[in-house]
Amino acid sequence: MPAQKIILAITLIIIVLASTGELIFNGFALRPILIMAAAIAIVAFLWFFPRDRKQ
């Protein structure tokens, strides 16, 4: 597994845990859900379509 994917996985775990904690301890709000959805979308895009730097 390349270093880029490890960093993406760690970033995703941190964002999901932070958003989940905010939902649990601060009550239901739309902001953490939108942040989590945006982070998942960005990480998924970078995971499946990485920029090829070998040109």
Side-chain angles (χ1 to χ4, degrees):
M1 179 179 276
Q4 179 184 8
K5 290 193 177 189
I6 293 172
I7 292 171
L8 284 173
I10 291 171
T11 303
L12 181 63
I13 290 169
I14 291 171
I15 291 172
V16 168
L17 288 176
S19 296
T20 304
E22 192 170 336
L23 281 173
I24 291 172
F25 295 113
N26 290 341
F28 181 78
L30 189 59
R31 182 178 163 263
I33 294 173
L34 291 176
I35 291 172
M36 191 170 19
I40 290 171
I42 291 170
V43 169
F45 176 76
L46 291 173
W47 188 280
F48 292 113
F49 302 108
R51 194 172 117 206
D52 190 14
R53 297 183 185 186
K54 298 178 183 176
Q55 294 180 0

Supply the atom-to-atom distance Ile35 CD1 to Ile40 CD1, rounded to the nearest 0.5 angstrom. 12.0 Å
Return all side-chain donor-acceptor pairs below 3.5 angstrom for residues 7-20, not counting sequence neighbours, or 'none' if the list is empty.
{"from": "Thr11", "atom 1": "OG1", "to": "Ile7", "atom 2": "O", "distance (Å)": "2.8"}
{"from": "Ser19", "atom 1": "OG", "to": "Ile15", "atom 2": "O", "distance (Å)": "3.0"}
{"from": "Thr20", "atom 1": "OG1", "to": "Val16", "atom 2": "O", "distance (Å)": "2.7"}

Kindly give the heavy-atom pair with the smallest separation between Pro32 and Leu23, and that separation in Å. CG-CD2, 3.8 Å
Contact list for residues 33-46, test side-chain hydrogen bond (donor to acceptor under 3.5 Å, both in side chains), sequence neighbours left out: none
Ring pair (Phe, Tyr, Trp, His ring centres under 6.0 Å) partners for Phe25, two or more places apart: none
In short, salt bridge (Lys or Arg N to Asp or Glu O under 4.0 Å) pairs touching residues 40-50 with sequence neighbours left out are none
Only pairs at least two apart or in different chains count here, so list each salt bridge (Lys or Arg N to Asp or Glu O under 4.0 Å) that has a residue in residues 37-46. none
If two hydrophobic side chains count as joined below 4.5 Å and joins carry through other members, does Phe28 share a cluster with Met36? yes
Quick one: which residue pairs count as a side-chain hydrogen bond (donor to acceptor under 3.5 Å, both in side chains) with a foot in residues 23-42, not counting sequence neighbours? Glu22-Arg31
The criterion is ring pair (Phe, Tyr, Trp, His ring centres under 6.0 Å); which residues satisfy it with Phe49, sequence neighbours excluded? Phe45
Listed once per pair and sorted, the salt bridge (Lys or Arg N to Asp or Glu O under 4.0 Å) pairs that draw on residues 6-17, sequence neighbours left out: none
